[in-house]
Amino acid sequence: GHNNLNAKLVLLGDMGAGKSSLVLRFVKGQFLEFQESTIGAAFFSQTLAVNDATVKFEIWDTAGQERYHSLAPMYYRGAAAAIIVYDITSADSFTRAKKWVQELQKQGNPNMVMALAGNKADLEEKRKVTAEEARAYAEENGLFFMETSAKTAANVNDVFHEIAKRLPRA
Ligand code: GDP
Ligand code: MG
């Protein structure tokens with residue numbers, strides 16, 4: 001039968017990794033070279049049709065700065081899905097992504113669908129994190145992995161699509 005699902009989704013990751021840009025690309029099909037940094041968190045919603053269901057994503061785009069860290073549980077608690085974003089040109093952002101994964105494994109919903117997104121894949125010449133390393137980490141930790149580019153739109157819809165497919169059906 002046909003299912004309509006509402007799914008709370010949170011984006012976590014280092015400031016500057018491209019969380020807001022991924023959301024803007026997914027929701028509005030746009031990209032800004034000078035995306036303003038997020039204060040606290042921002043909310044968006046977007047509906048996606050997958051094979052057997054219509055999924056309405058309720059998206060919380062968080063700020064990423066350490067000073068907002070204590071607010072993060074408000075956004076990931078009760079979330080059905082999380083996208084942990086790092087920037088493939090920043091090893092530090094990958095380290096930070098792994099910390100978010102650990103936090104979600106400890107404190108998050110155990111059935112949460114988690115995606116690891118290596119963003120800024122268009123900046124191949126500045127790459128610091130290999131896809132192999134990130135894929136291995138994702139496999140060990142039960143996330144699915146994709147490299148994305150909010151700038152070129154590569155794999156952006158695909159991440160949300162894959163999450164929609166993996167959400168438990170009512
Ligand atoms: P956030 O702090 O994680 O929300 O990151 P933003 O979405 O604000 O992006 C930080 C900066 O990186 C902005 O200047 C964006 O234009 C840029 N950016 C985001 N995604 C990409 C991408 O896929 N490729 C490139 N080249 N730049 C990106
Ligand atoms: Mg932001």
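Being a predicted model, the structure only gives us computed values, none of them experimental. We count ligands from 1, going down the list as the structure has it; atoms in each ligand are counted the same way.
- Under the ring-ring contact (aromatic ring centres under 6.0 Å, His included) criterion, the residue pairs touching residues 92-140 are His69-Trp100, Tyr86-Phe94, with sequence neighbours excluded.
- Protein residues with a heavy atom under 4.0 Å from ligand 1 are Asp14, Met15, Gly16, Ala17, Gly18, Lys19, Ser20, Ser21, Phe31, Leu32, Glu33, Gln35, Asn119, Lys120, Asp122, Leu123, Ser149, Ala150, Lys151.
- Atom OH of Tyr68 sits about 9.0 Å away from atom CE of Met15, to the nearest 0.5 Å.
- Partners of Thr148 under the side-chain hydrogen bond (donor to acceptor under 3.5 Å, both in side chains) rule, at least two apart in sequence or in another chain, are Asn119.
- Across all non-hydrogen atoms, the minimal contact from Ile163 to Ala115 is CD1-CB, 4.2 Å.
- Under 4.0 Å is where a charged nitrogen must lie from a carboxylate oxygen, and between Lys120 and Asp87 at least one such pair does.
- Using a 4.0 Å cut-off between charged nitrogen and carboxylate oxygen, Arg135 and Glu140 do not count as a salt-bridge pair.
- The count of protein N, O or S atoms under 2.8 Å from the Mg ion (ligand 2) stands at 2, with waters excluded from the count.
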### Message
Set out, in order, the CA-CA distance, both residues' side-chain angles and the distance that settles side chain to side chain donor-acceptor pair (under 3.5 Å) for Asp14 and Ser93, then state yes or no.
### Response
CA-CA 6 Å; Asp14 215 357; Ser93 77; 5.2 Å; no

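- Between Lys165 and Glu162, at least one side-chain nitrogen of the basic residue sits less than 4.0 Å from a carboxylate oxygen of the acidic one, meeting the salt-bridge criterion.
- A ring pair (Phe, Tyr, Trp, His ring centres under 6.0 Å) with Trp60 holds for exactly one of Phe43, Tyr76, Phe44; it is Phe43.
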